[in-house]
Amino acid sequence: MKRLDESKKLAAVTAKMDSFHDDIVQEVAKAVEANDVLIVGMKQNPFPRKARKLLDNLSVKYGYLEYGSYSSNWKGRLALKMWAGWPTFPMIFVKGSLVGGFDDLKALVDSGEFEKLRA
């Protein structure tokens, strides 16, 4: 999916998007910088739990942030999706880069690329 070109947005729209739930976005941005591996998840979604279990089994230290459930804090999660450009949870970051969700993490682990990213 191609994103709407920035030239097709009024400055007021961009400013409003940039400030949309900025507190949550800044919290995650700081956590991305502070943790070699970070999982951003939500309650009731099984995939953040699967990602955490996978990393626990590998004895990998990681940070974890959780924002609401399917019926709560959806606007905060929407702001994170807009910021990251990733449509689902979890959002998994390794060394400051978004690597995707659980399936993407599992594929990286299975291929040996995860260890290379962490080096």
Closer than 3.5 angstrom, by distance alone: can the side chain of R77 be matched with the main-chain N or O of S72 as a donor-acceptor pair? yes
Would you say S111's side chain and A107's backbone share a donor-acceptor pair under 3.5 angstrom? yes
Distance alone, cut at 3.5 Å: any donor-acceptor contact between the side chains of Y62 and D56?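 Side chains of Y62 and D56: pair found under 3.5 Å.
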What residues form a salt bridge (Lys or Arg N to Asp or Glu O under 4.0 Å) with [X], not counting sequence neighbours?
X	result
K81	none
K8	none
K75	none
E33	none

Check whether any side-chain heavy atom of I39 lies under 4.5 Å from a side-chain heavy atom of R52, and answer yes or no. yes
Applying a strict under-4.5 Å side-chain criterion to I, L, V, M, F, W and Y, I'd like to know whether F20 and L4 cluster together. no
K9 atom NZ, neighbour heavy-atom count above 12 within 6.0 Å: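 More than 12 within 6.0 Å, yes.
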For V25, what are the other residues in its hydrophobic cluster, where any two members join if their side-chain heavy atoms are less than 4.5 angstrom apart?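 Reading the cluster by chain and number, V25 sits alongside I24, V28, V32, L38, V40, M42, L65, Y67, Y70, L80, W83, W86, F89, M91, F93, L98.
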Contact list for residues 90-104, test side chain to side chain donor-acceptor pair (under 3.5 Å), sequence neighbours left out: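 Every candidate side chain to side chain donor-acceptor pair (under 3.5 Å) pair involving residues 90-104 fails, so no pair, neighbours aside, qualifies.
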